[in-house]
Protein chains: 2
Amino acid sequence: MTQSSQDNCSSEQDSHKTHAKHNHDRCIATALNDAVLLCEQRGARLTQLRQRVLELVWQTHKPVGAYELLPLLAKEGFNSAPPTVYRALDFLLELGLVHRISSINAFIGCNQPKHEHPNGFFICRQCGNASELPALQLRELAKQLEASLGITIEGETHELTGLCASCSSKAQK
Amino acid sequence: MTQSSQDNCSSEQDSHKTHAKHNHDRCIATALNDAVLLCEQRGARLTQLRQRVLELVWQTHKPVGAYELLPLLAKEGFNSAPPTVYRALDFLLELGLVHRISSINAFIGCNQPKHEHPNGFFICRQCGNASELPALQLRELAKQLEASLGITIEGETHELTGLCASCSSKAQK
DNA sequence: TCACCTTAGGTTATAATGTTGCAATTCTAC
DNA sequence: GTAGAATTGCAACATTATAACCTAAGGTGA
């Protein structure tokens, strides 16, 4: 359970380094473990289908489209019509196990499902990896905006694009 | 040209007050005027179709879907197939005259097309109005994130939902 | 255990959103 | 006024998401 933060990528501080070599199996295992616990807590059923969809979403750190999942599920003998995958994704979204990135109509695993947090991502245009933005700064922004504009914020999504640290440094070489 | 800031809603400071009674004709006129100037500057052609699409987008402060515009254009004798409206919208997006709000697949007029700025909106779930978020705070956030994560941000979109100031105060009564 | 109820998933069809490719037209610059 | 570029018309199609209805599986209390 204790391990160097280089080994996986589930901790928030590391989320922007997802390009770096890491033990991705551990990412998946952690995500799955979190999911099991969360479902127990909430009395929700993590069925085979739902679990498999979660695993597939977690195969990479790149956002994945719903329709990309269909053939993968089919290959494994699952039914694979759109409603099937959308229902599974809706379930996972509801529990905060995945996020939706609406600017590219794609889904990605959440690495902090245990704690509610604003939905914010940085997507590298080079490598395609997406990483969550630090909740602290997003919350700070929201607080400021609420104070200055008199609004009440209930939901937020932030989607940034550009070059990640790794791709930036490669580009300079 | 000089007028009380209550009269229209084109200034950034007022953008969150778009619910309030205001001279909306002036909003449209200002937007159109900005568009004409910007097109002249850039050597771009603000054709009848493009201008009309811009006006239609500006009819309200609520984001409008591409497919909502089609029948409106048809009514006025314009061709109205999806590519027509999408091409016009793409043109307007390119020039920064409208923004796209991807979480709801909708478009909205930009009130500061003269200055490049981050794409950020607050959308009230009650009245449906959307207003731009202050560029200053968004830029500050971007700067922080670049510094702390080592990323290079090239594009950003922020989409917040909740209750606007007006709807909040009505809710309390 | 059984009957009942609720939840999950299968299946078909369709809605909503967005794009491609090519022909026809209009505009602009020379 | 003609060539080339930009714009629009038009038909087809691609992608993303949902509706409606039914069957199957799991959970619960008598």
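Convention: sequence-line order gives letters A, B, ...; per-chain numbering from 1.
B:F107 has its side chain within reach of B:L93: a pair of non-hydrogen atoms, C-beta onward, lies under 4.5 Å apart. Taking 4.5 Å as the limit, every side-chain heavy atom of B:T161 sits out of range of all side-chain heavy atoms of A:I153. Using a 4.5 Å heavy-atom threshold, the side chains of A:C167 and B:T152 count as separate.
Between the CZ atom of A:F107 and the P atom of D:dT16 there is a distance of 10 Å, rounded to whole Å. Distance A:R50 CZ to C:dA8 C1': 6 Å, rounded to the nearest Å. D:dA17 atom P lies 11 Å from atom CG of A:L69, rounded to whole Å. Regarding B:L73, its CG atom lies at a distance of 14 Å from the P atom of D:dC10, rounded to whole Å. Atom CZ in B:F91 sits roughly 7 Å away from atom P in D:dT7 (whole-Å rounding). Following rounding to the nearest Å, A:R52 (CZ) and C:dG9 (P) show an atom-to-atom distance of 15 Å. What separates CG of A:D90 from P of C:dT7 is a distance of 16 Å, to the nearest Å. If you take CZ of B:F78 and P of D:dC10, they are 14 Å apart, rounded to a whole angstrom.
Comparing A:I104 and B:A81 along DNA chain D, the residue whose closest nucleotide (by nearest heavy atom) sits nearer the 5' end is B:A81. Where B:R45 and A:A44 meet DNA chain C, the nucleotide closest to each residue was compared, and A:A44 sits on the side nearer the 5' end. DNA chain C is contacted by both B:P82 and A:P82; A:P82 maps to the nucleotide lying nearer its 5′ end (nearest heavy atom per residue).
OP1 or OP2 of D:dA17 lies within a sub-4.0 Å distance of a side-chain N or O belonging to A:N105. For B:N79 and D:dC10, the shortest distance from a side-chain N or O to OP1 or OP2 is below 4.0 Å. Between A:R100 and D:dA17 there is a side-chain polar atom (N or O) within less than 4.0 angstrom of OP1 or OP2. For the OP1/OP2 pair of D:dA17 and a distance below 4.0 Å, the side-chain nitrogens and oxygens of A:Y86 include at least one atom meeting the criterion. Side-chain nitrogen and oxygen atoms of A:T84 include none within less than 4.0 Å of the OP1 or OP2 phosphate oxygen of C:dT11. Remark: A:R87 is not in phosphate contact with D:dA19, judged by side-chain N or O atoms under 4.0 Å from OP1 or OP2.
In this structure, the aromatic ring of B:Y67 is positioned over the six-membered ring of the base of C:dT17, centres within 5.5 Å and planes within 30°.
Taking the six-membered ring where the residue is Trp, B:H24 and B:W58 present tilted rings, their angle falling between 30° and 60°.
Centroid-to-centroid, the aromatic rings of A:F121 and A:H158 stay 6.0 Å apart or farther.
Comparing atom distances between the B:A66 side chain and each of C:dT20, D:dT8, C:dG18 picks out C:dG18 as nearest.
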